[in-house]
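In what follows, a structure is listed as structure tokens, so that the remarks can point back to it.
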Amino acid sequence: MRFYLTTAIDYVNSRPHLGTAYEKITADVIARYKRLAGVETHFVMGNDEHSQNVFRKARELGEDPLAYCDRMEGEFRDVWARLTVSFDDFIRTTEPRHRIAVQHLAQRCLEAGDVYEGDYEGWYCVSCEAFKQEKDLVDGLCPIHQRRPDWIREKNHFFRLSRYRDRLLAHFEQHPEFLMPEVRRNEIVRLLEAGLDDISISRAGQAWGIPLPFDEASAVYVWFDALINYVSAVGYGSDPQLFARWWPAGLHVIGKDITRFHCVVWPAMLMSAGLDLPTQVFGHGFVTFKGQKMSKTLGTVVDPLDAADRLGPDPLRLFLVKEIPYGSDGDFSWERFEERYNADLANNLGNLVSRVTTMVERYGGGRVQPKGAPWRLAGVAADALASYRRAMDQLALHEGASAAFRLINATNEFIAESEPWVLARRSDTGAELAQVLYDAAEAVRVAALLLLPIMPISCAEILRRVGEATQVDDLRLDRDGAWRTGAARSLVRADPLWPRLEGDRVGLIPATRAASRTEHVVTEPLNPPAPPPPAPAPERPSVPAPAPAPVVAAPTQATERISIDDFMKIDLRVAKVIEAERVPKSKKLVKMRIDLGTEHRTLVAGIAEAYEPDALIGRTVVIVANLRPAVLMGIESNGMVLAASPEGGAPALLTFDTPPAPGTRVR
RNA sequence: GCCGGAGUAGCUCAGCCGGUUAGAGCGAGCGUCUCAUAAGCGCUAGGUCGGCGGUUCGAGUCCGCCCUCCGGCACCA
């Protein structure tokens with residue numbers, strides 16, 4: 001039995017945060033579980049490096065892009081090592097083996113007739129710097145600039161994704177386990193039913209990326225490039241033997257935001273190239289911090305190393321696995337983390353190890369040996385093992401952890417009810433005492449075995465203390481998970497594994513290390529970031545560009561420092577709202593007529609959820625006056641109203657103590 | 001707006017095909033043993049199972065409508 005497991009590869013424009021670590025940790029638990037279950041496992045992670053952001057970031061830092069990526073690899077590997085993520089291989093998209101695979105696969109898609117050169121022809125408005133669809137034009141003119149767009153062509157390669165809709169739907173029908181959890185599957189199936197458009201897979205004239213084999217002037221689009229890591233890492237196009245050994249993958253562990261890429265685009269690419277599809281894709285949820293999305297600007301990013309330093313990597317791993325139903329979103333807070341640490345580790349498991357080893361030392365001379373039939377704990381352990389396996393096989397990692405803890409709790413109960421200290425005082429209960437101590441030690445051994453994939457370091461130590469003779473890596477669930485009888489074992493008493501936290505713990509939380517560690521990565525602005533720059537390259541309108549979503553959850557965009565000159569390019573003006581009305585059929589859009597002092601303009605703002613149009617009339621606001629016009633819901637918007645936009649919250653307009661005259665420059 | 005998901009004890013959540021007094025863990029309170037990290041063990045929660053109506057002998061558990069929250073898409077310039 002073989003099992004090839006992957007996680008999403010990560011963008012390298014910032015250090016991994018807790019959410020990224022969550023994915024790797026849960027995947028690592030799965031990998032370790034499979035190995036423990038005797039399955040030959042190949043676990044691969046990596047970095048996604050061919051992004052323009054990475055290129056820009058390196059340039060900003062005055063570094064060679066590749067050198068920058070090398071450095072980031074080191075940072076990522078350090079984090080994964082600290083969290084004991086046991087990957088077997090680490091793939092980078094700048095590696096030769098990856099380039100070979102990408103070009104190979106692109107070539108196969110081309111040969112399958114699925115890649116066509118879309119030297120797309122279309123209307124292009126020079127003023128807008130954007131393609132226009134026929135339906136956008138009014139009397140053949142750009143509605144914004146009242147000028148005739150040019151008919152131009154831009155070379156682009158497209159992948160015939162549309163061709164695979166039916167096959168994908170059929171696959172989903174025949175293999176309901178292909179995408180888990182179910183919520184994600186429903187979303188994708190609906191998306192497929194709605195139909196698919198072909199997608200662009202190349203960008204012309206980009207140096208940072210992999211050239212298309214049949215058009216060296218075009219680079220493979222970064223997400224197309226990135227997905228291929230799953231096969232390049234196992235030798236596709238470069239090592240046929242290795243490839244045959246591991247492909248198809250048993251499981252891709254990814255974030256729920258990128259299921260489309262993995263369950264629509266990726267399988268279609270594989271079908272086109274004549275490769276088997278992975279058995280399963282699992283879209284895990286996100287980890288929030290105190291209920292809020294982790295965001296640099298909100299200061300809600302938790303560095304996984306801070307968490308690991310605080311209580312240890314194993315407690316962090318247990319927390320993430322046991323407290324968050326795998327597949328759902330979950331929340332992290334220091335309070336909760338410490339609460340769980342005390343309850344599960346200090347009070348239950350850790351204390352159990354202490355009391356058992358102490359009693360064995362005191363009442364049994366440090367050795368245990370059964371003197372009869374096992375008591376009730378043997379049955380509990382067998383049940384725990386069974387439900388643990390059932391849960392883990394279904395990727396219900398949290399239930400697997402709970403099953404192990406049921407055994408731990410039962411062992412504590414067992415000790416209370418069998419009262420070894422009473423048995424030890426009597427002279428006629430030697431056999432009973434021996435059996436009770438043996439059973440308790442054996443139950444701890446089984447529990448530690450079950451938790452070994454989740455807490456590898458600590459559980460290895462527990463196994464050592466309860467006299468497990470087998471090397472940790474050689475332990476196997478079916479053989480070693482069974483209740484042992486007969487042989488005597490020596491136990492070791494040692495310091496508490498997880499000292500209980502007392503008192504005002506939260507105050508001791510280390511200052512987030514993000515600041516000290518990321519100075520070379522991000523400089524935080526004091527204020528919310530400026531609105532994003534205008535959309536970069538024009539896209540073929542009839543063939544929507546793939547969402548900019550990378551193959552990992554996009555890290556919060558780093559806001560780069562700009563010069564005063566750059567800032568002065570932005571023309572901020574005071575404006576007064578003269579008319580405001582809801583854009584019909586829209587959820588957030590308000591259409592406004594504003595007074596800029598010298599002129600009146602129409603613009604559209606996405607603030608309807610927070611402001612009633614009527615309440616806006618007469619109000620003084622700040623707008624970006626020199627923004628390119630855009631058409632929203634058929635309305636031309638000439639400018640952007642500034643508002644604070646909290647993550648997931650309602651926007652709040654900028655206001656003045658005393659409204660200045662319309663047209664006043666803001667800076 | 002469309003399409004999904006969810007609303008169950010203070011908190012986090014279980015509750016399969018409808019069926020006796022609705023559960024677990026944490027927290028809190030009380031009691032208790034003493035091997036243990038002032039840990040363990042036992043007891044204690046009287047919760048309109050979001051609301052209204054319906055099907056049924058009987059509904060968190062099925063149906064309809066409504067409310068709230070979350071996610072995806074559409075429209076955040």
Side-chain angles (χ1 to χ4, degrees), chain A residues 181-191 193-194 256-257 259-260 283 285-286 288 291 322-325 327-331 333 335-336 339-340 342-364 398-399 402 405-406 408-425 433 436-437 440 493 495-502 531-535 547 583-591 603-610 623-624 627-643 645 648 651:
Chain A
E182 204 176 331
V183 202
R184 305 270 86 85
R185 181 163 70 240
N186 293 341
E187 273 173 25
I188 296 298
V189 168
R190 269 179 270 120
L191 190 125
E193 284 166 353
K256 64 181 184 179
D257 55 330
T259 50
R260 294 173 67 144
F286 294 146
T288 54
K322 183 163 178 276
E323 287 310 295
I324 304 174
S328 310
D329 290 347
D331 192 54
S333 73
E335 294 83 349
R336 188 103 185 139
E339 235 173 66
R340 299 312 316 171
N342 265 356
D344 288 334
L345 295 176
N347 295 354
N348 282 323
L349 180 53
N351 183 235
L352 175 62
V353 172
S354 293
R355 65 196 304 210
V356 168
T357 51
T358 301
M359 283 192 289
V360 168
E361 185 179 80
R362 187 179 301 184
Y363 306 141
H398 56 296
E399 288 179 18
S402 295
F405 272 87
R406 278 200 299 280
I408 291 162
N409 292 333
T411 307
N412 270 323
E413 288 166 27
F414 172 78
I415 292 172
E417 76 198 20
S418 53
E419 300 183 301
W421 49 92
V422 173
L423 299 176
R425 279 187 225 119
L433 175 62
V436 166
L437 292 180
R493 191 157 81 102
D495 288 342
L497 288 159
W498 299 287
R500 193 180 149 80
L501 298 170
E502 304 289 355
V583 175
K585 282 171 54 184
S586 82
K587 185 175 168 186
K588 315 183 179 180
L589 301 186
V590 178
K591 174 184 172 186
L603 56 79
V604 177
I607 55 171
E609 286 176 311
I623 72 159
V624 182
L627 214 51
R628 275 188 205 106
V631 177
L632 293 167
M633 296 290 284
I635 300 162
E636 177 192 322
S637 179
N638 284 284
M640 181 170 90
V641 175
L642 295 188
S645 308

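Residue numbers begin at 1 in each chain, while the letters A, B, ... track the order of the sequences.
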Would you mind pulling out the nucleotide paired to [N], Watson-Crick or G-U wobble, both distances under 3.5 Å?
N: C2(B); answer: G72(B)
N: U56(B); answer: none
N: G46(B); answer: none
N: G18(B); answer: none
N: A24(B); answer: U12(B)
N: U32(B); answer: G40(B)

Could you tell me how far apart [X] ([atom1]) and [N] ([atom2]) are, to the nearest whole angstrom?
X: I188(A); N: G71(B); atom1: CD1; atom2: P; value: 17 Å
X: E399(A); N: A24(B); atom1: CD; atom2: C1'; value: 12 Å
X: L423(A); N: U34(B); atom1: CG; atom2: P; value: 13 Å
X: N409(A); N: G42(B); atom1: CG; atom2: C1'; value: 14 Å
X: I415(A); N: U37(B); atom1: CD1; atom2: C1'; value: 14 Å
X: L433(A); N: C35(B); atom1: CG; atom2: C1'; value: 11 Å
X: L497(A); N: U37(B); atom1: CG; atom2: C1'; value: 10 Å
X: R340(A); N: G27(B); atom1: CZ; atom2: P; value: 7 Å

With no hydrogens and no angle check, do the side chains of N351(A) and R500(A) hold a donor and an acceptor under 3.5 Å apart?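 Not at all, the side chains of N351(A) and R500(A) share no donor-acceptor pair under 3.5 Å.
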Between [options], which nucleotide gets closest to the side-chain atoms of [X]?
X: A343(A); options: C26(B), A77(B), G71(B); answer: C26(B)
X: R362(A); options: C75(B), A36(B), C26(B); answer: A36(B)
X: T358(A); options: G40(B), A39(B), C35(B); answer: C35(B)
X: R355(A); options: A39(B), G71(B), A36(B); answer: A36(B)
X: W421(A); options: A39(B), U34(B), A77(B); answer: U34(B)
X: N186(A); options: U37(B), G4(B), G72(B); answer: G4(B)
X: V183(A); options: C35(B), A39(B), G5(B); answer: G5(B)
X: E413(A); options: A77(B), U34(B), G42(B); answer: G42(B)
X: N351(A); options: G4(B), G40(B), G72(B); answer: G40(B)
X: M359(A); options: G71(B), G40(B), C35(B); answer: C35(B)

With heavy atoms under 4.0 Å as the rule, sort [X] into base, sugar-phosphate or nothing.
X: A605(A); value: sugar-phosphate
X: R425(A); value: sugar-phosphate
X: P499(A); value: base
X: V604(A); value: sugar-phosphate
X: L352(A); value: nothing
X: Y363(A); value: sugar-phosphate
X: G639(A); value: sugar-phosphate

| said: Tell me whether the count of non-hydrogen atoms from other residues, nucleotides or ligands lying under 6.0 Å of CZ in R185(A) goes above 12. | reply: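 Atom CZ in R185(A) is crowded, with more than 12 foreign heavy atoms closer than 6.0 Å.
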_Would you say that more than 12 heavy atoms from the other residues, nucleotides or ligands in this model lie under 6.0 Å from the CD of E417(A), or not?_
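Above 12, so yes.
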inquiry  = I'd like to know if K322(A) and D344(A) make a salt bridge, using a cut-off of under 4.0 Å between side-chain N and carboxylate O.
reply    = yes
- Message: Checking the side chain of D329(A) only, and the main-chain atoms of G285(A) only, is there a donor and an acceptor separated by less than 3.5 Å?
- Response: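 Between the backbone of G285(A) and the side chain of D329(A) there is no qualifying donor-acceptor contact (under 3.5 Å).
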**T288(A) side-chain N/O to G330(A) backbone N/O, donor-acceptor pair under 3.5 Å** =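 The answer is yes, because a donor-acceptor pair under 3.5 Å joins these two groups.
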- Would you please test L352(A) and I415(A) for side-chain contact (heavy atoms from CB on, under 4.5 Å) and show each step? CA-CA 9 Å; L352(A) 175 62; I415(A) 292 172; 3.6 Å; yes
Using the [atom1] atom as the reference point in each nucleotide, state the distance between [N] and [M] in Å, no decimals.
N: G31(B); M: C70(B); atom1: C1'; answer: 43 Å
N: G5(B); M: G64(B); atom1: P; answer: 12 Å
N: C57(B); M: G50(B); atom1: P; answer: 25 Å
N: G72(B); M: G15(B); atom1: P; answer: 24 Å
N: G29(B); M: A14(B); atom1: P; answer: 28 Å
N: G7(B); M: U55(B); atom1: C1'; answer: 23 Å
N: G23(B); M: A45(B); atom1: P; answer: 11 Å
N: G4(B); M: G40(B); atom1: C1'; answer: 46 Å

| field | Residues M640(A), L603(A); criterion side-chain contact (heavy atoms from CB on, under 4.5 Å); working and verdict | value | CA-CA 7 Å; M640(A) 181 170 90; L603(A) 56 79; over 6 Å; no
Residues I324(A) and H398(A): closest non-hydrogen pair is O-CB, 3.8 Å
Residues P181(A) and G283(A): closest non-hydrogen pair is CD-O, 3.3 Å
5'-most by nearest nucleotide on RNA chain B - K256(A) or A346(A) |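 The answer here is A346(A).
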Ranking W498(A) and N412(A) by the position along RNA chain B of their nearest nucleotide, the one closer to 5' is W498(A)
Inset, instruction - Would you please test L345(A) and L497(A) for side-chain contact (heavy atoms from CB on, under 4.5 Å) and show each step? - result: CA-CA 8 Å; L345(A) 295 176; L497(A) 288 159; over 6 Å; no
The contact string for nucleotides 7-12 of chain B, one letter per nucleotide 5' to 3', using protein heavy atoms under 4.0 Å with B, S and - for base, sugar-phosphate only and none, comes out as ----SS
*asked:* What verdict does the salt bridge (charged side-chain N to carboxylate O under 4.0 Å, His left out) test give for E187(A) and R190(A), after you've listed the backbone C-alpha separation in whole Å, the side-chain angles of each residue and the deciding distance to 0.1 Å?
replied: CA-CA 5 Å; E187(A) 273 173 25; R190(A) 269 179 270 120; 5.7 Å; no
Expected label for G15(B) (glycosidic angle, syn inside 90° of 0, else anti) would be anti
Please check the phosphate of G4(B) (OP1 and OP2 only) for any side-chain N or O of R184(A) closer than 4.0 Å.
no
Would you say R190(A) reaches C3(B)'s phosphate, i.e. side-chain N/O to OP1/OP2 under 4.0 Å? no
